[in-house]
Amino acid sequence: MAASVVLVDATPRSPADGAAVTVKLAGAGGQLPYPAGYRAGLDALPRSVAALDFDGEQLGGGGTAQALALQWAGSDAALLTSLGALYWGDAPVTVKVGPEDAAAATIATGLIQEASVEAGKLRLLLADATADLKRPLLVDRYAGTGGAEGPAEWAGLIKSRSWGRCFNVPGQPIDKANNVWCFGDPTRPWQGFASVRDLGVPAAAGALTTVAWAGSVASTFAALQAAAATSGGGACAPSIACVKWWTAPAGDLHADVRGEIGAGYVETAPEIAARIVAARSALGFAAGAVAAAAAARPAPCGVRIDSDATTAAEVVSDLLAGVSLSWLVQDGAIDFRRWEWLASTRVGRTAAPVTRRKLWAPIASRKLGYHKNQAPMARGDLAALVFAADVVLADGTAIPAAIALAGLTADWAGVSGTGKPADNATRNRVTYSTSAPASPADGDIWVDLNGAYAVFKLRNGGAWQTGATALATYNQLTGKPIALADINTTESAKLAGIADAATRNAQTGNEVSAPSDPSTWTLANGAIVATVGGRARAQLYTPNAQVFWGPPIDCNGGKDRFLRYVLKADSAGSEDCNTSYLWWDAAGAVAAVNLSDRTSRTLSDTAAADTVVEAQFTLPAGAVRYRPYLERHAATGWSFYADQPYFGPAQPGADVTAQKQVVVSVPDIEIAADSAGSPTTPLPKIVQVSVAQGGVSVVAANGTTYLLSNVSDNLMPGGVAKLTVDNAIGSSTKGQLSLAAGFTGSGTADLAVVVAGAAQPLIRVNVIQTNARAATGGGGGGGGGGGGSVSKSADGDLTSQSVSSATYVQAFLATGLTVATGETIRASAVGSYEFSSGAPGSGYKLSTVTAVWQYSPAGANSWTSFGSAVTGSSARYRPTDGDSSPGAVSCSQTAAPTAGLYDVQLMIARGATYPVGTVFFDDGTISVRITT
């Protein structure tokens, strides 16, 4: 019997010009010469590795890809050198094996995965034809140019894809202004939307309309924007995977969909697997394999992919495992195999020892579950979606029907036990109207609003009996009809009425509650002239500040007070005045409080030009008397009228909380630095303090002051303050914090803010410096290249990294990496992250992480991006209960600069979906390799 021979045909490329070079290698045999052109030296028949995964629970959907290893050891050293210098990466290769006296059969075709020269041998590692399927399935990204390409913040975001029936697919608002939500790649038409739900509540019956394909993606998107969304539902455009909802959703919008049509809609696992393979590889299927597998597993299912880290092979394996199928490559084509518990059909024999590595207990059943929920809801959301109509009693009666039945149970005599309602207890319905309610029952109450008085009547014995009367007006404080105090009496004095203009608080002390008499007001350095309709006229005739004094008023400390007056000029001009008051304590000590900063007011001598000035304030706790005054500034020879002055208790029913509330906030000062601690953020770093009173900004007001104290040593090295605050009156940057160069790291300071004489609680100012992680491994972290060493790799860790803004910060730095001619920098970062946000609202807040690799000539700090930035998936956070789900980013990029020493850095930024919040990594790895 003739011995077997192995023949290898490969076409690597010449590094000089990239031209394909034909290489023919042979081995084994021994009786006959090899075919012409083949070089002897393959040391043995090729060894292949293949496996079928099974972990004792999950059925493997696909086997480990077949791989072959070859070794060539020719006697010609020069030939070995020339073969080793070729570029073998992804070189096509064919392996044939057969008797040396007959034609050899092809046993494998594929690509060279790895080549090396060691110990005088050329080692070649082959990957089978499924190599393309080991690459990410999703490659298309949103451009962020508007319309179907998404808003600007979507630029670089991966486009998800769906095949078959997918359930609870989450949507994202692609056009917030028109309430259009996107559920997949708009350039890949879908079969349709089966259901759309807002926070789990489906659209009303018949409330989903369909927008037809308009000839292009852009035209169809425009038609959807213009479409009328039916109340309780919306307009669906399956050809662009988008929905226009009828109103702003109460929560997240989800849909059950029928996915991509492609060459024709499919929804069985084998047919979907065929579509996925075709999307990423030219590898075909065995004749009839897809149809036979679909007939064996005809159940409808679906798959949705939204991550650019998921490979086509993973998707196919998981999909087929869910319907108890596996796949393998046989004779250059994909075929399917079924997982079945039947009698054995094949027997394997081997001369080599067989080792049992693991033992599993017998498996009685396997839960497949191929209807995946794409967005499981949080417990709080599920609880909120349980409606009374969905709950039934033990006898099958729905809750609403049970309640109605209880309402009809007027006579409880036949019910045993204690604690039962009295007769007619469930029948007391109250009606406010001018006519008797229809079909009344005993126990009903009717508030008859005819006439000037409301008459309260009780239905008893089949007739209305008058209970009491009250004014038929509504309570001006609550907006409700005046309540019945005692229905069992006819004494109207028992009814609680509230008079018009009544104040909420009882008056105490000798305090005026009406506008003060203008004749009691006086003018320092001037005169009061009672003219022009009784207005108190202040004639201001000197350049000095003029004070228009009100009368002294006895008071009780700690009370809310209200100020009002009207300004009117006797000739056109500009007036500049302060509103203030003096107050005295029991010992006679006096102090002044400025209620407002000087405000320029343009006045004229017309009735329509009256300027009304009002303010709410709270008297100091120890005040026993106060005196209001107006203070004028600036030019001479000008006058104004001030009338209707009112200084007294707060207006009836007024709520002064909002007007006097002061809110101060200071953002953290975040500084990015390299691994050595040198800031990379441009300095000085400026942040703005926010100060608002009654919802109005007073950050730059003259009466608002700022002072820093307890400043950390890092922020004032050598006693020189690097953190300062602008407290200059009239400054356009008042209230700005500035961090200058020269600080030595993170630190804190206390900011004291005083608003209109009232000191606010100290605010902690946080300066947070985040240093880039130093690289580990060959030459990273600023090492590398020293002492004649050559640095070709670096590793790092993303764990605990955080980013709070859309500005890129350095997350990793490797220095001194050596790149030779023809070599490539291959950098990879993979990590998962959580999002935390204090943004208002009850819904989920979303954020992504964007990452990009950059390189620079060593020490030059002149960075070039490897390529476009990569945006990860969204992490979710709900502030109301802290519920969250992580996002992930995978940024693998390459660059091939000219030969030399280089620094490599990873830059990350937070997505700008929500302006407030922090993304922090809880896991992640980083690697940089220099390879050919």
Side-chain angles (χ1 to χ4, degrees), residues 6-27 34-43 46 67-96 108-129 131-132 135 282 778-779 784-785 788-793 816-828 853 855-858 860 864-867 892-904 928-932:
V6 56
L7 304 175
V8 174
D9 294 86
T11 53
R13 294 186 179 275
S14 169
D17 55 10
V21 178
T22 301
V23 175
K24 296 176 176 291
L25 306 176
Y34 296 128
Y38 285 89
R39 300 277 188 165
L42 290 175
D43 58 3
L68 284 81
L70 298 169
Q71 291 190 128
W72 183 85
S75 59
D76 188 341
L79 179 59
L80 176 64
T81 301
S82 63
L83 291 178
L86 297 175
Y87 181 73
W88 290 87
D90 292 335
V93 62
T94 300
V95 180
K96 301 177 182 178
T109 59
L111 303 174
I112 297 294
Q113 183 176 346
E114 186 177 322
S116 62
V117 176
E118 298 179 35
K121 295 182 179 181
L122 174 65
R123 301 178 185 272
L124 301 177
L125 179 63
L126 287 67
D128 69 2
D132 285 341
R135 298 172 182 174
S789 64
V790 176
S791 302
K792 294 291 187 180
S793 66
L817 298 176
T818 302
V819 178
T821 301
E823 290 187 327
T824 299
I825 306 175
R826 304 180 188 275
S828 174
W853 283 99
Y855 66 89
S856 167
T864 300
S865 296
F866 280 40
S892 297
Q893 297 179 318
T894 61
T898 57
L901 285 177
Y902 288 90
D903 298 337
V904 177
V928 179
R929 299 289 185 269
I930 311 297
T931 63
T932 56

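As a basis for the values below, the full set of heavy atoms in this structure was taken, side chains included, without hydrogen atoms, waters or symmetry mates.
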Taking side chain to side chain donor-acceptor pair (under 3.5 Å) as the test, write out the residues that go with [X], two or more places apart.
| X | value |
| --- | --- |
| T898 | Y902 |
| R135 | D132 |
| Y38 | D9 |
| R39 | none |

What is the minimum heavy-atom distance between [X] and [Y], and which atoms define it?
| X | Y | answer |
| --- | --- | --- |
| A73 | K121 | CB-CG, 3.7 Å |
| P897 | V819 | O-CG1, 4.1 Å |
| L817 | S793 | CD2-O, 3.9 Å |
| L42 | W72 | N-CD1, 3.4 Å |
| A26 | L7 | CB-CD2, 3.7 Å |
| A115 | L124 | CB-CD2, 3.7 Å |

Checklist entry - Backbone N or O of R826 within a donor-acceptor pair of the T824 side chain at under 3.5 Å? => result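 Checked: no pair found.
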Checklist entry - Is the backbone N or O of F866 less than 3.5 Å from a side-chain atom of Q893, with the two atoms forming a donor-acceptor pair by type? => result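 No, because the side chain of Q893 does not come within donor-acceptor range (under 3.5 Å) of the backbone of F866.
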Partners meeting side-chain contact (heavy atoms from CB on, under 4.5 Å) with [X] (sequence neighbours left out):
| X | value |
| --- | --- |
| T81 | none |
| A820 | K792, E823 |
| S116 | E118, R123 |

Checklist entry - What residues, two or more places apart in sequence or in another chain, satisfy salt bridge (Lys or Arg N to Asp or Glu O under 4.0 Å) together with K96? => result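 Applying salt bridge (Lys or Arg N to Asp or Glu O under 4.0 Å) to K96 gives none.
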Checklist entry - Partners of R929 by salt bridge (Lys or Arg N to Asp or Glu O under 4.0 Å), sequence neighbours excluded? => result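 Listed in chain order: D795.
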N/O donor-acceptor pairs under 3.5 Å from side chains in residues 82-93, not counting sequence neighbours:
{"from": "S82", "atom 1": "OG", "to": "A78", "atom 2": "O", "distance (Å)": "3.4"}
{"from": "S82", "atom 1": "OG", "to": "L79", "atom 2": "O", "distance (Å)": "2.8"}
{"from": "W88", "atom 1": "NE1", "to": "L83", "atom 2": "O", "distance (Å)": "2.9"}

Next on the checklist: Set out, in order, the CA-CA distance, both residues' side-chain angles and the distance that settles side chain to side chain contact (heavy atoms under 4.5 Å, CB included) for W853 and V928, then state yes or no.
Outcome noted: CA-CA 10 Å; W853 283 99; V928 179; 3.9 Å; yes
